[in-house]
2 protein chains.
Amino acid sequence: MHYPTPIAKLIESYMKLPGIGAKTAARLAFYTIDMKEEDVTEFAKALISVKRDLHYCDVCGNITESAVCSICQDTSRDKSVVLVVEESKDVMSMEKMREYRGQYHVLHGVLSPMDGTGPDDINITSLIQRLHNEEIEEVIIATNATTEGEATAMYLSRLIKPAGIKVTRLAHGLSVGSDIEYADEVTLLKAVEGRREM
Amino acid sequence: MHYPTPIAKLIESYMKLPGIGAKTAARLAFYTIDMKEEDVTEFAKALISVKRDLHYCDVCGNITESAVCSICQDTSRDKSVVLVVEESKDVMSMEKMREYRGQYHVLHGVLSPMDGTGPDDINITSLIQRLHNEEIEEVIIATNATTEGEATAMYLSRLIKPAGIKVTRLAHGLSVGSDIEYADEVTLLKAVEGRREM
């Protein structure tokens, strides 16, 4: 006996999500059958909506419902600093900090020669245009602390510095609340290199 | 800054699924934005479809697309044995075994005085009717090995036995491949009680 077609199809869809295997997908599908009709309808509408109603901001590339995102529209924010991130979700993480009041620029990827991702495949051209057209004094590069993230940071730094704009990178070191015992060697090295006077 | 409404709504929907918290829901929502348009549309359709196209089988209560499920329709199956399970997904688990060739009956729950679930709240009446109308010789009770599952098994057994029908219960004992060292006391007790001559 196979699953009835509607369940089989839903299981298949759930399995396309990251970190969800066959067993979890089946559990979620059976759970969905018993969910309130309106909740399931809302769910389906929300799925369609994220694909239909979301666009990339014309200025910074962040995900938004309008042509220009709310951060780029906000005149109270500092226009002289741009923080460069890999993905839109990194913007959300930064905003949760409630400290940074400058602009953003979303690359939608990182340079990765292994995967064939070059400078033209990510959102770099529009960043350079912004640096030309706007009065930007500092670019903070907040790509991830991975090999690709570091390489992208290095590339951007070499590209931007000659224009006389200050380029900075987020500090690497121990996570707050973490044990030295459990830190990996590279993190420890970065923490020692980046030590500060007390 | 908050999430744009379409993302916020999708995160909310994902959070209604079991075992998915705020962080995982956000990860899934951002992943969904980058999924192929057709995959997302399929996903939304599948969600609507499980609520719209699935019904309970008129005979056994199993989930099906038609009035009577494929197992009840299958004339090659043994009509004299009924295996009683708590949920439709238990039918799928049993069918994966590829050994059992009898009928099923899905209770859609268990007796649970704590939650106010009595005999009238689960699919028992139609089971009794089947025992009256069909030529059933054995009822295998395959409710879960929980307090509620055991209580339901006991209740059904007392209800059915007087009609002269054989009532059996799945064996309890050590899982195949498990260590005695890690088995809990109740499982060990059941394994000793149910020991067989070699």
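Being a predicted model, the structure only gives us computed values, none of them experimental. Throughout, a chain's letter reflects where its sequence line sits, starting with A, and its residues are numbered from 1.
Distance check, rounded to the nearest 0.5 Å: NZ of A:Lys89 to CZ of B:Arg27 gives 8.0 Å. Atom-to-atom distance recorded for B:Ile48:CD1 and A:Leu47:CG is 9.5 Å, nearest 0.5 angstrom. The distance from the NZ atom of B:Lys16 to the NZ atom of A:Lys36 is 7.0 Å, given to the nearest 0.5 Å.
There is a path of hydrophobic side-chain contacts, each under 4.5 Å, that joins A:Ile136 to A:Ile128. There is no path of hydrophobic side-chain contacts, each under 4.5 Å, that joins B:Val85 to B:Ile122. When hydrophobic clusters are built by joining Ile, Leu, Val, Met, Phe, Trp and Tyr residues whose side-chain heavy atoms come closer than 4.5 Å, directly or via intermediates, B:Leu83 is not grouped with B:Ile165. The cluster map of Ile, Leu, Val, Met, Phe, Trp and Tyr, joined by side-chain heavy atoms under 4.5 Å apart, puts B:Val91 and B:Val68 in different clusters. Both B:Ile71 and B:Met94 are assigned to one and the same hydrophobic cluster, defined by single-linkage of ILVMFWY side chains at heavy-atom distances under 4.5 Å.
Contact annotation for B:Ser66: neither backbone nor side-chain heavy atoms come within less than 4.5 Å of a heavy atom of chain A. Contact annotation for B:Arg98: neither backbone nor side-chain heavy atoms come within less than 4.5 Å of a heavy atom of chain A. Both the backbone and the side chain of B:Asp34 come within less than 4.5 Å of a heavy atom of chain A. At a 4.5 Å heavy-atom cutoff, B:Lys45 makes no contact with chain A through either its backbone or its side chain. Using a 4.5 Å cut-off between heavy atoms, B:Phe43 touches chain A through backbone and side chain atoms alike. Heavy atoms of B:Leu17 lying under 4.5 Å from chain A belong to its backbone as well as its side chain.
Put simply, the side chain of B:Ser13 does not reach to within 4.5 Å of the side chain of A:Asp39, judged on heavy atoms. Taking 4.5 Å as the limit, some side-chain heavy atom of B:Pro6 sits within range of a side-chain heavy atom of A:Val50. Using a 4.5 Å cut-off on side-chain heavy atoms (C-beta onward), A:Met92 and B:Tyr3 make contact. Within the 4.5 Å cutoff, the side chain of B:Lys51 has no heavy atoms near those of the A:Ile33 side chain. Using a 4.5 Å heavy-atom cutoff, the side chains of B:Leu10 and A:Ser49 are not in contact.
Here B:Leu54 is the residue among B:Ile11, B:Leu54, B:Ile7 with the most heavy-atom pairs under 4.5 Å with chain A. Between chain A and the residues B:Leu28, B:Thr41, B:Asp74, B:Thr24, the most heavy-atom pairs under 4.5 angstrom are made by B:Leu28. Interface summary for chain B: among A:Lys9, A:Glu42, A:Met35, the most heavy-atom pairs under 4.5 angstrom belong to A:Met35. Chain B forms the most heavy-atom pairs under 4.5 Å with one residue out of A:Ala46, A:Pro18, A:Ala8, and that residue is A:Pro18.
A 6.0 Å sphere centred on CE of A:Met97 holds more than 12 heavy atoms belonging to other residues, nucleotides or ligands. In this structure, A:Lys79 places its NZ atom where more than 12 heavy-atom neighbours from other residues, nucleotides or ligands lie under 6.0 Å away. Within 6.0 Å of CD in A:Glu193 there are more than 12 heavy atoms belonging to other residues, nucleotides or ligands.
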